[in-house]
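Just so it is clear, the values below take in all heavy atoms, side chains as well, and ignore hydrogens, waters and symmetry mates.
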Amino acid sequence: MFKPYNPSEVEARWQQKWADAKIYETDLQKAKKPYYSLVMFPYPSGDKLHVGHWYNYAPADSFARFQKMQGYDVFSPMGFDAFGLPAENYAIKTGVHPAISTAKNVETMIAQLKKIGCMYDWSKTLSTTDPEYYQWTQWLFLEMYKNTLAYKKKGNVNFCPSCQTVLANEQVKDGSCERCGTDVVQKSLEQWFWNITKYSQKLLDGLEDLDWPNKTKIMQQNWIGRSEGCDVSWNVENSDIVLDTFTTTVDTIYGVTFVVIAPDHPMLSKLVSDAERTTVEAYIKQTSKKSEFDRQFGDKVKTGVFSGTYLLHPFTKKKVPLWVADYVLMNYGTGVVMGVPAHDQRDMDFAKKYTLPIIQSIESTSHESLVYDNIDKYSVQGTIIDSGEYTGMKILEGRKKIIDDLQKRSIGKRKILYRLRDWLVSRQRYWGAPIPIVYDPEGKPHPVPEEHLPWTLPTDVEFKPTGKSPLTESKEFLARTENIFGKGWTPEYDTMDTFVCSSFYYLRYLMSVPPLPSGEGLGGREAGKLVDPALEKKWLPVSMYIGGPEHACMHLIYARFVMMALKDFGYVSNEEPFKIVVHQGLITNKGAKMSKSKGNVVSPDSFVAQYGSDVFRMYLMFMGPFEAGGDWSDTGIRGTVRFVDRLWKALLNTKVIQDSALFQAALHRTIKKVTEDIAVLHFNTAISSLMQLLNLLEEKGGCTQESARIISCLLAPIAPHLAEELWLGLGGTGFIIEQKWPTYDPALLVEENMTIVIQVNGKVRGDILVSKDASKEEILTLAKANENVKKWLAAGDMKKEIYILGKLVSLVV
RNA sequence: GCCGAGGUGGCGGAAUGGUAGACGCGAGGGACUUAAAAUCCCUUAUCCUCUCUCUGGAUGUGUGGGUUCAAUUCCCACCCUCGGCACCA
């Protein structure tokens, strides 16, 4: 008797069976062919899992399952990035302590995640808020401190007035806070930094060997922003002050007609002439009021004032005026720039506005352009002109010679500059790992000794953001510090950026961790080290890391830096954490990003309840290419529902018949196609080829049981529950996910007969069916005999006859 | 401004030099049903031709050129959309 497919019953049953048999728990020590499949772990918010989570996790799981069936020992963990603003903001709103709400959210989320039916190893889950975890976050800080990669410095930093905390450079997007969108302001504060810039070159070089999306590598490259150039020293007239300018195009130095200094340059007040002092001071005041946002998006019209001072050109000894202008940034290069209006657009704009001279020093193709509009196209093929002894040299040759001469005279040197800034890791927020530093009564910082880790986050705190770190309110925290270190000692009140927590979690998964509130986890913890070096060596780098592209210049750069630092400290053997990175696309609704404020969030729950996880995840995969994302549609899911119902019926409720040669060929083509497609994450076309096979199977009225089992195996990565149930129904033993992936027989791929298309003068005029062994001559004769083709051939004499093996004949008359 | 990705039916998409539109959604028609849903069958790029049956032809992958027997695919120029960076010297 035929029983229709009942997803909710079937899926719940298999999820239970998998859990009971512990088939997804990986023995990290014993594994022979390790495959580390990782997705970016979520933060546990009070909201339900949304379509975006599913779109990330389900295909990633399908890929992991595919690898498992290929014979790998797949490790696929899941955890929670639970510190941070969402939980803290929720706590502020409701008054519930974040520890309580987070624990609750983690539990809810685990239940939801389990409904997807992913092959997660829940025995090795973790949460970054667990003291057992964050002691390692703190340990990492101490290691950085010990190795002088963590330091405290006062300076201008990004501050979000709404989140009431400082932010790292990477966390400012379009001049506003990455979290809440508020305009970021600059504040002068003393903060903790990690010296990521020390690794600039290494981070750049390492990119080359990574199998990452090209755009992500380019984004990191641009973020690191390497520029090769040199410093040039300028003597100030009637003074012994020397100003350095950085330039990448020193070959244009004879075109310098002015030099510009940033308004916040520390030497500026000493450089301004008395006559210009009032004007300059007014200008400095005016520009300092500009917010970061205005500086970036306000009118790009350049403003500036003359300082009244002149510099002496290092080659011509001519007087060059020093101007003050805010288009020169203090935090890049030397804060002083040589102005070459003829060959730099910004300098050109500035020179035109303040009628400064424009001197050409590189050969131009259209001279007018210099005077009226834009600068001439600067290309390294150009020739240097009007530049003393360098006249006539090609740009690159002249550039080298000029730097050499400057170095000889000790008034310049080669220099490589990076745009990357050190990572600001301290935050004036409550819900984070406390920075393990204490201050002695003189205010000098000392690391908290390791035996006091975890340096626990105090609980006697109101978590309202005031701009002051919430931990300052804790009586317990101060008392604890004085108890351990002595009277007058104070703790560091700032907590760490959550990106610190997520910079090493992929290592920590390898160590089993204590139970989560739900009782998950094995309960044992490898104490004493962040990661077992043998396991690290065996499992890292992560084989496949899937997550959003928004992390290109945040998490993905921090994690690489931390891994490199850990290697240098001697704790790990790998330099790079992630061998392959893939970004899933974005699922939109009616073309717009889903967001609560827009009210267009699609909840997976009702679809999953109605159709089951398999249908839902398969539909997401069928929508389009995984890396492209797509627009949500309610109706399209019907097609996947029909596919599942028809397949169920076709494999279990149709008579067993011998396969025709045609069907065998189709089956083996499908094995080939599905294998190749899943291997490159083209789930949409893998599914479509299974649909095609099903269409043929229905037409034929059945297949052998062996073929039915092969089809179930092909389905196992993408619809895991359904595939298990089919396998069981087809008399398979064991779990289908533990079966070997089907292989195809190349000999069976070719059909007996093939269709050859005939083109006349490039247009299709007919086709013929020939045996696969037909010779070229036979085929050409047959082609020319085709009725419709004859009509077109009559138009003229044959000029060319082309035969493409097994595909087409092209005739030209 | 710079860097990157992309532009194909009513819609999601397939095809990376060889039959454009696989597969699916939607739509139209039919079968089943008292009826509806579900299911099944047929049609479905546009236009002309044929529509009793068989057809045959023109146009068509953002725009304009080019290479080729053959171009969605390769080359040149341009337009548009999306993502990232942005006064970085």
Side-chain angles (χ1 to χ4, degrees), chain A residues 4 173-175 213-223 225-227 229 245-250 252 259-260 262 295-298 300-302 325-329 331-340 344-347 349-350 374 417-420 549-550 552-553 583 585-586 588 591 619 622-625 627-643 645-646 649 682 684-695 698 755-767 788 791 799-813:
Chain A
K173 305 275 152 181
D174 288 352
N214 219 19
K215 65 166 185 180
T216 310
K217 294 211 263 185
I218 290 170
M219 273 166 73
Q220 282 208 1
Q221 241 169 48
N222 293 342
W223 189 256
R226 178 189 153 109
S227 296
T245 59
F246 174 78
T247 177
T248 53
T249 56
V250 75
T252 62
V259 169
V260 195
R295 264 180 88 134
Q296 277 189 34
F297 300 100
K300 289 261 172 107
V301 176
K302 297 191 174 25
D326 67 352
Y327 81 87
V328 172
L329 309 170
N331 59 4
Y332 184 76
T334 59
V336 190
V337 168
M338 56 186 226
V340 188
D344 182 281
Q345 186 64 56
R346 292 156 313 193
D347 297 343
D349 296 344
F350 193 75
N374 295 317
L417 225 52
Y418 299 90
R419 250 185 275 186
L420 186 68
E550 67 277 11
C553 293
H583 303 303
L586 184 70
T588 54
Y619 175 56
F622 185 62
M623 275 172 66
E627 286 165 80
D631 201 51
W632 175 259
S633 143
D634 278 3
T635 52
I637 201 165
R638 293 287 325 147
T640 319
V641 175
R642 284 182 193 132
F643 171 63
D645 288 344
R646 283 168 49 209
K649 206 166 149 188
H682 290 178
N684 55 333
T685 47
I687 294 170
S688 99
S689 64
L690 284 168
M691 286 172 167
Q692 284 178 61
L693 188 69
L694 174 61
N695 289 345
E698 285 182 327
T755 305
I756 302 293
V757 173
I758 310 159
Q759 292 188 344
V760 180
N761 289 344
K763 291 201 185 278
V764 177
R765 295 304 181 190
D767 52 46
N788 198 44
K791 240 172 33 191
K799 279 198 184 137
K800 226 176 205 178
E801 298 177 6
I802 297 161
Y803 171 59
I804 306 295
L805 189 67
K807 279 186 177 154
L808 99 172
V809 167
S810 187
L811 303 169
V812 186
V813 295

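- Side-chain N/O atoms of A:K763 include none lying less than 4.0 angstrom from OP1 or OP2 on B:A58.
- Of the candidates B:G56, B:C23, B:G26, B:G26 carries the atom nearest the A:T635 side chain, counting heavy atoms from C-beta on.
- Remark: P of B:G84 and NE2 of A:H583 are 12 Å apart, rounded to the nearest angstrom.
- Classified by its glycosidic torsion, B:G26 falls in the anti category, the angle being over 90° from 0.
- A:N788 contributes a side-chain N or O that, together with a main-chain N or O of A:R765, makes up a donor-acceptor pair within less than 3.5 Å.
- The pairing partner recorded for B:C2 is B:G84, the criterion being a Watson-Crick or G-U wobble arrangement whose two distances lie under 3.5 angstrom.
- A sub-4.0 Å separation between OP1 or OP2 of B:A89 and a side-chain N or O of A:Y332 is present.
- Looking at A:S633 and A:Y619, their side chains come closer than 4.5 Å, going by heavy atoms from C-beta outward.
- A distance of about 15 Å separates the P atoms of B:G12 and B:G26, rounded to the whole Å.
- The residue A:R646 sits close only to the backbone: its heavy atoms come under 4.0 Å of sugar-phosphate atoms, none of a base.
- Among the heavy atoms of the strands, none lies under 4.0 Å from A:N331.
- Checking each of A:T247, A:T245, A:V328 against A:V337 for a side-chain contact (heavy atoms from CB on, under 4.5 Å) leaves exactly one that passes, namely A:V328.
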| field | Sequence-aligned protein contact record of nucleotides 14-22 of chain B, with B where the base is within under 4.0 Å of a protein heavy atom and S where only the sugar-phosphate is | value | S---BB--B

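- Nucleotide B:A70 has no partner under the Watson-Crick or G-U criteria, as no pair reaches both atom distances under 3.5 Å.
- For the C1' atoms, the distance from B:U63 to B:A15 is 23 Å, rounded to whole Å.
- B:G57 and B:G6 have their P atoms separated by 36 Å, given to the nearest Å.
- The phosphate of B:G57 has OP1 or OP2 within less than 4.0 Å of a side-chain N or O from A:R765.
- Nucleotides B:A20 and B:G56 are separated by 15 Å at their P atoms, to the nearest Å.
- A:N695 comes within contact range of the sugar-phosphate backbone alone, with a heavy-atom separation under 4.0 Å but no base atom that close.
- Under the Watson-Crick and G-U wobble criteria, each requiring two contacts below 3.5 Å, nucleotide B:C50 is left unpaired.
- Comparing B:A22 with B:U59, their C1' atoms are spaced 22 Å from each other, to the whole Å.
- For A:D349 (side chain) and A:K302 (main-chain N/O), no donor-acceptor pair under 3.5 Å exists by modelled atom type.
- A 3.5 Å limit on both hydrogen-bonding distances identifies B:G26 as the Watson-Crick or G-U partner of B:U44.
- Taking the P atom of each, B:U43 and B:U81 are spaced 40 Å apart, rounded to whole Å.
- A distance of about 7 Å separates the P atoms of B:U46 and B:G10, rounded to the whole Å.
- A:K799 comes within 4.0 angstrom of nothing in the nucleic acid, heavy atoms only.
- Of the residues near RNA chain B, A:V337 and A:S689, the one whose nearest nucleotide (by heavy atom distance) lies more toward the 5' end is A:S689.
- Distance A:R226 CZ to B:A89 P: 13 Å, rounded to the nearest Å.
- In this structure, A:Y418 has its ring center no closer than 6.0 Å to that of A:W223.
- Comparing A:R419 and A:G629 by the nucleotide of RNA chain B whose heavy atom lies nearest to each, the residue mapping closer to the 5' end is A:G629.
- Between the A:D347 side chain and the A:V340 main chain, a donor and an acceptor come within less than 3.5 Å of each other.
- In this entry the distance linking NZ of A:K800 with P of B:A70 reads 8 Å, nearest Å.
- Taking atom CG of A:L694 as the reference point, atom C1' of B:C23 lies 12 Å away to the nearest angstrom.
- Panel note: side chain A:Q220, backbone A:C553; no donor-acceptor pair is recorded below 3.5 Å.
- Using the Watson-Crick or G-U wobble rule with both distances under 3.5 Å, B:U39 pairs with B:A31.
- Atom-to-atom, CZ of A:F643 to C1' of B:C25 comes out at 16 Å; the value is rounded to the nearest Å.
- Closest contact between the side chain of A:R638 and the listed nucleotides B:A58, B:A89, B:G26 involves B:G26.
- The distance from atom OH of A:Y619 to atom C1' of B:C11 is 10 Å, rounded to the nearest whole Å.
- Using a 3.5 Å distance cut-off with no hydrogens or angles, the side chains of A:T755 and A:D767 do not pair a donor with an acceptor.
- Separating the P atom of B:C85 from that of B:A14 is a span of 27 Å, rounded to the nearest Å.
- In this entry B:A77 has B:U63 as its Watson-Crick or G-U wobble partner, both defining distances falling under 3.5 Å.
- Separating the CZ atom of A:R642 from the P atom of B:C41 is a distance of 11 Å, rounded to the nearest angstrom.
- Under the 3.5 Å distance criterion, with hydrogens and angles disregarded, no donor-acceptor pair is assigned to the side chains of A:R419 and A:N222.
- Residue-to-nucleotide contacts include no donor-acceptor pair under 3.5 Å from the side chain of A:K215 to the base of B:C3.
- In this structure, the side chain of A:T249 does not engage the main chain of A:T252 through any donor-acceptor pair within 3.5 Å.
- The CG atom of A:N761 sits 15 Å away from the C1' atom of B:G57 (whole-angstrom rounding).
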